[in-house]
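What follows is a set of notes on a single structure, which appears directly below.
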Amino acid sequence: MADGAVIENLSTRKLLGILAALGLAQAAFFAVGAFFAPVPSSSMDFEMVKCADQTKGAAGHWFHLRPPRCDLIESLATYTPSSFDLREIVFIAQMPHARNNLQLEYSPWFQFLLGLVHVEVEYSDVFKYVPGAKLMLEVRMGVRTRESAPDAWEEYADVNVTRTLDCTIDPSKKSEGNFYTCDTLDLFELGSNNYPFYLLNVRIPIDTEACRRDPVATPNCQIGKINELHVVAIHQNGGFTAVWLWLKTLLCPIVIAACYWFNRRLSLLPRPRLLLEKAILALGMVLVLLDAPLEWLSLVARLPCLLLLSDLRQGLFYTVLFSFWLIFAGEHLIDDPQLNNLSAYRINLSLVAVASLALLVYDMAERGMQLADPFYSVWSSEWGATVAYISIYVALACTLAYFVFLFYKIVVVWNSIRRKRAAHLYRTSENRRLKVEGVIYRFKFLMLFTLLCSALTIAAYFMRQFGEASLHGDSADDSILTHSTSAFFTGTFGMWNIYVLLLIAMYAPSHKQYQGAHGLIDENEDLMSGEERGTESNPLTTFLKPAQD
């Protein structure tokens, strides 16, 4: 086996053929998202119906609309409760809707279910709203299967949810009949969607004695005059899930085969593996983990941990990919004496490690806790919000510093190659000059592809983060994830796979013997000093180092 890599020995015609095939594949990934996949997510709005319960929850009954079991309250403005404890008022939402006398159903293909609540507060001189008021909701969530009776609801959760109610009103509208503008609040998030029907029974308890003693610390004392509650339920579209799963199912065995082939080629070499080769193999293995279509399991089993597991896989891929880019650029610094040494990157990789750790803390604090309590929100407490903000800001600062440094390192590599080529390349033999020119042009293409991949990866990462933040905010219907971005997500996902496969193909050891190869090796040995002859490096630096003065 020749010691050179495929990037050195592959003919230009075959290389162009490979690149053309990969280009068509990339176009196909975008086309699949554009023409076959629907938008990633959809939402349903529910105006919660109000029912009277004279037992104030003591009987433990479920209140629902289909079939009717509700002493309907037309308007809270005309309803007179029996006491100041408003637990006798039950707000209900039965999900999903019924349309044209047909009961819709949720499906495991929807993957997750996110619930938001919007509180409609009317201005009142009697029941005054105080900014930053604590809102506590008694929430019962029921679930029902297709085989269950229409009124046979099984309790899924029974919790007290406390949120901070942030509302504003224009001073000119502070009169009866006008309403505050209130922020949308997180209510629940389910990591899987394995029940076709869900029911919410929500109460707003008020302890009048506690409100007299300490209205600031006691929930629901300063929330004002509540008129309505609205719930927004957001789920992933089943059509998008199907397209996403089939893409993963198609790509996963291809990447596994490529990693096996690459590892086998490396094992046949008479030398230790280079750092760059180890990094490429690690990137391929993490891509296999990302491509593994584990979501198929959620179609046959209830796996609430799947959403968290998906986030962890995505985060691990980002971590390894960002680390690889630093190593990829650093290993092509021709004059760097610390090539092929992972410890030389410890300071650079620390930025990636800190950012990844910060996001891991946030993810475990949010979705990790939601495995036990789907109504938990890290933003519901001051301590949790502080941890979340610190994690996000630290990750953002490290990410920005990382990409500034990566851009700087790529510029240094580019200038180094150009300087060496201008100073030394044309002093060598014609055979060697043509060989190195080919390697340089191919490396430049890979570097440009790396820059494109990094730019789209950054865009995809921030689009996803911004989209998820919008889902939890006041503009859920305007979120990026509920609009036509399927082509971008499928195209970026395909680009990651194409990029890794191209790296594996180009940096795999070649098995071919070329005419003049022995002469080239002899020339290299004559030009290299004894110290350089014992140094292992990547294909580009192997050819350019002998040209040093």
Side-chain angles (χ1 to χ4, degrees), residues 41-51 53 57 60-70 90-119 137-161 163 184-204 228-238 241 295 298-308 367 369-377 471-472 476-477 482:
S41 303
S42 294
S43 64
M44 283 188 179
D45 296 336
F46 301 85
E47 180 178 339
M48 302 194 78
V49 178
K50 301 168 286 292
C51 304
D53 176 20
H61 296 310
W62 287 103
F63 294 86
H64 40 77
L65 301 175
R66 300 180 295 276
R69 186 174 186 174
C70 173
V90 184
F91 296 84
I92 66 173
Q94 194 165 340
M95 306 179 292
H97 285 301
R99 293 178 181 172
N100 300 324
N101 296 322
L102 178 65
Q103 175 63 61
L104 302 180
E105 297 182 8
Y106 286 117
S107 166
W109 288 93
F110 293 171
Q111 294 295 295
F112 70 88
L113 185 63
L114 171 65
L116 311 174
V117 62
H118 176 72
V119 184
L137 305 175
E138 291 183 357
V139 184
R140 290 181 74 196
M141 172 179 277
V143 294
R144 185 169 65 82
T145 63
R146 192 180 295 107
E147 294 77 19
S148 304
D151 59 349
W153 293 95
E154 176 186 352
E155 187 172 271
Y156 188 84
D158 185 359
V159 296
N160 291 341
V161 176
R163 301 287 187 263
T184 301
L185 307 174
D186 286 330
L187 186 58
F188 66 88
E189 185 167 14
L190 303 178
S192 61
N193 204 337
N194 295 105
Y195 293 96
F197 311 109
Y198 295 86
L199 176 66
L200 289 176
N201 281 191
V202 179
R203 302 172 193 263
I204 306 177
E228 299 282 357
L229 294 182
H230 299 264
V231 169
V232 179
I234 302 170
H235 61 270
Q236 184 167 297
N237 279 325
T241 303
E295 292 82 357
S298 68
L299 304 181
V300 295
R302 296 188 178 102
L303 298 173
C305 64
L306 200 59
L307 190 60
L308 175 62
R367 285 180 174 157
M369 293 296 295
Q370 286 173 348
L371 294 179
D373 179 10
F375 289 87
Y376 174 83
S377 175
L471 289 181
H472 289 267
D477 292 337
T482 57

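Note that the coordinates shown come from a computational prediction; the quantities given were computed from them, not determined experimentally.
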Exercise. With Arg163 as the cation and Phe375 as the aromatic partner, state whether NZ or CZ is under 6.0 Å from the six-membered ring centre and within 45° of the axis.
Key: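 The answer is no; the distance or angle limit is not met.
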Testing the basics here: between [X] and [Y], what is the closest heavy-atom pair and its distance to 0.1 Å?
X	Y	result
Ser298	Leu306	CB-CD2, 3.4 Å
Glu228	Met48	OE1-O, 4.0 Å
Phe63	Ile92	O-CG2, 3.6 Å
Ser192	Tyr198	O-OH, 4.4 Å
Ala301	Asn194	O-ND2, 3.3 Å
Ser43	Ile234	CB-CG1, 3.8 Å

Below 4.5 Å, heavy atoms only, C-beta onward: do [X] and [Y] meet side chain to side chain?
X	Y	value
Tyr156	Leu190	yes
Leu371	Leu308	yes
Val117	Val202	no
Val159	Tyr376	no
Met95	Tyr106	yes
Val231	Leu116	no
Phe112	Ser41	yes

Within this structure, what is the [atom1]-[atom2] distance for the pair [X] and [Y], rounded to the nearest 0.5 Å?
X	Y	atom1	atom2	value
Asn237	Gln111	CG	CD	11.5 Å
Leu307	Asn193	CG	CG	11.0 Å
Asp186	Gln370	CG	CD	8.0 Å
Arg144	Asp151	CZ	CG	8.5 Å
Leu104	Met44	CG	CE	5.0 Å
Phe46	Leu200	CZ	CG	9.0 Å

Exercise. Specify whether His235 and Phe110 have parallel, tilted or perpendicular ring planes, treating 30° as the upper limit for parallel and 60° as the lower limit for perpendicular.
Key: parallel
Quiz item: Should the ring pair His230 and His118 be called parallel, tilted or perpendicular, given that the plane angle runs from 0 to 90° and is split at 30 and 60?
Solution: tilted
Self-check item: Qualifying residue for side chain to side chain donor-acceptor pair (under 3.5 Å) with Gln103, from Gln94, His97, Arg146, Arg66
Solution: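 Filter result, single survivor: Arg66.
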Quiz item: Any donor-acceptor pair under 3.5 Å linking the side chain of Asn201 with the backbone of Arg140?
Solution: no
Quiz item: Distance-only, no hydrogens or angles: does the Thr241 side chain make a donor-acceptor pair with backbone N or O of Trp109 under 3.5 Å?
Solution: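 The answer is yes, because a donor-acceptor pair under 3.5 Å joins these two groups.
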Exercise. Could you give me the CA-CA distance, side-chain angles and deciding distance for Tyr195 and Thr145, then say whether side-chain contact (heavy atoms from CB on, under 4.5 Å) is met?
Key: CA-CA 6 Å; Tyr195 293 96; Thr145 63; 4.1 Å; yes
Exercise. With side-chain contact (heavy atoms from CB on, under 4.5 Å) as the test, would you mind laying out the steps for Val139 and Asn160 before giving the verdict?
Key: CA-CA 6 Å; Val139 184; Asn160 291 341; over 6 Å; no
Self-check item: Residue list, disulfide bond (SG atoms under 2.5 Å apart) with Cys70, at least two apart or on another chain
Solution: Cys51
